[in-house]
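Okay, so here's the structure we're looking at.
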2 protein chains.
Amino acid sequence: MPSGAPRLDKVIRKLRDLGFRITPQRLAIFEVLSRREDHPGAEQIYSEVKQNFPTTSIATIYKTLAFLKSIGEVLELEFSGDCNRYDGRIPHPHPHLICIKCKKIVDPELASLASMTEKLARQSGYRLLSHRLDFYGICPGCLKKESPGEAESR
Amino acid sequence: MPSGAPRLDKVIRKLRDLGFRITPQRLAIFEVLSRREDHPGAEQIYSEVKQNFPTTSIATIYKTLAFLKSIGEVLELEFSGDCNRYDGRIPHPHPHLICIKCKKIVDPELASLASMTEKLARQSGYRLLSHRLDFYGICPGCLKKESPGEAESR
DNA sequence: CTTCCTGCAAACAATTTGCAGACAG
DNA sequence: CTGTCTGCAAATTGTTTGCAGGAAG
C-alpha cells in the first residue's frame, strides 16, 4: 500500500527499482526528512527516529543520509563548526534563508538565479555543475522577540 | 617603515589603533593571506609560515585566523568535510567560483546580487545580515586537461 | 613590568569506519 | 538462504582549549 505521501512513495519506488533494500530505518529517516520543513541535522533526525525505533544508531542515520544523498534524494547543507543539515523535500541546489537566532532554514522564492548562473558560466569559461546560495539573517519571528514594537523598523 | 603592500599596511594600522599586539606570527599569517589569490586553508598557511618561523604552531594559525575574522579582516569560507578556506583580500561576503578538480577558489565578477538580496529581504521580512554564494564547477584549465581538444564543447 | 600572545599537548565534536550479527528479498 | 544493512564501538580529522613560558609595548 502506498503511504499517501508522494515524496515518500517516489523514493520507495526508486529504491525498489534500483534494487536497494527497503528497511524500516530507511523509511523512518526519509519520513522525517520529507515531513519537516526546517531542514534538520543528523542528531535531530536521530532523536525523532529513535522514538519509533529505539535501537537505531547514529551511524545508521549518517549512512542512510549519505546513501540518500548518493541517489540524489537528499540535499546536504554543510556547516563547518555546526552540524550539517538535510533537505529531503527539494533535493537539488536552491537558495536557503537561515535564521541565525533560531537556526531555522527555509526555502525562499528567488527567480533570476538561473540566468545569473548561466551568465557567469559564459563569462568565466567554467563548466558549472552546482552552486550554493545561503542568506543569513534574522527571521520575522525572532525580530519580534528581540525588540517588540520596532521589529519592522530600519 | 610601511611594508609597501596596502592591505598589509591597513591591517597593521588597525591592530595598532585597536591596541592589539603586532607579532611576527600575525604579520606572517596575514602576509600569506594577502598575497595568495587562491584562498588557502589553515594547513596551507601553516606550511608557508613555518618556512620563516619554524616554531609556529598550528594552534596559532587557527587563533590568528579567528582573531582576524573577528576584526573583520578575513573572510572564512566554511567547508564541512574538507577544511575551511580563508580570504584575506576581500574580507566581506562575495561570490566564489570553486573548481572541484584543482580546488582553486577565485572571485568572479557578478552584478545583480545586491538587488536580488534586497528584493529577498523585502519579500521575506527577514533582516538579512550576510550571505554565501558559491559556484562549483570545473575551471577552464582542468577542462583542457581532462578532455584535450573538446574542452570548449557542450 | 604587565598583559597579551604563543606553543605544546590534550580535548572536542561531528562524522566515518570495521566488523559481526540481523533481516529483507 | 544470501548479500546487504544495521548497530556498536573505536577511529578519524579539522579545529579548539588550557596552561605555562615568552615577548610586545
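This one's a predicted model, so the numbers in the text were calculated from it and none came from an experiment. Lettering of chains follows the sequences in order, A, B, ..., and the numbering in each one begins at 1.
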When only distance counts, do a donor and an acceptor, one from the side chain of B/R21 and one from the base of C/dC5, lie under 3.5 Å apart?
no

Modelled atom types, side-chain donor and acceptor of A/H131 and B/D134, under 3.5 Å
no

Value in whole Å for how far the P atom of C/dG25 lies from CG of A/D17:
13 Å

Reckon A/S80 touches a base, only the sugar-phosphate, or nothing at all at heavy-atom distances under 4.0 Å?
nothing

Would A/L77 end up clustered with B/L128 when hydrophobic side chains under 4.5 Å apart are linked, directly or stepwise?
no

Can you tell me how the ring of B/H39 sits relative to the ring of B/H94, calling it parallel under 30°, perpendicular over 60° and tilted otherwise?
tilted

Do NZ/NE/NH1/NH2 and the carboxylate oxygens of B/R7 and B/E73 come within less than 4.0 Å?
yes

Can you check the B/N84 CG to C/dA14 P distance for me, whole Å?
15 Å

Counted 5' to 3', the first and last nucleotides of DNA chain D within 4.0 Å (strictly under) of a heavy-atom of chain A are D/dG3 to D/dA9

Quick test of your reading of the model: are A/E48 and A/R36 salt-bridged, counting only N-O distances below 4.0 Å?
yes

Please determine if a side-chain N or O atom of B/Q25 lies less than 4.0 Å away from the OP1 or OP2 oxygen of C/dG7.
yes

Without decimals, in angstroms, what is the distance between A/E76 CD and C/dA14 P?
14 Å

Both B/T60 and A/P24 contact DNA chain C. Taking the nearest nucleotide for each, which residue is further toward the 5' end?
B/T60

Closest nucleotide of DNA chain D for B/F20 versus for B/G81: which of these residues is on the 5' side?
B/G81

Between atom CD in B/E78 and atom C1' in C/dT15, what is the gap in whole Å?
16 Å

Where the side chain of B/R26 is defined as all heavy atoms beyond and including C-beta, which of C/dG25, C/dT15, C/dC5 is the nearest nucleotide?
C/dC5

Under 3.5 Å, is there a donor-acceptor pair between the side chain of B/K14 and the main chain of B/I71?
yes

Atom-pair distance (CD1 on A/I61; C1' on C/dT17), nearest Å:
17 Å

B/I58 atom CD1 is separated from C/dC12 atom C1', nearest whole Å, by 16 Å

Check for a donor-acceptor pair, side chain of A/R132 on one end and backbone N or O of A/E78 on the other, with a separation under 3.5 Å.
yes

Think B/T23 has a side-chain N or O under 4.0 angstrom from the OP1 or OP2 of C/dT6?
yes

Quick one: B/F53 CZ to C/dG7 P, roughly how many Å, whole number?
9 Å

Grab the OH-P distance between A/Y46 and C/dA14 for me, whole Å please.
14 Å

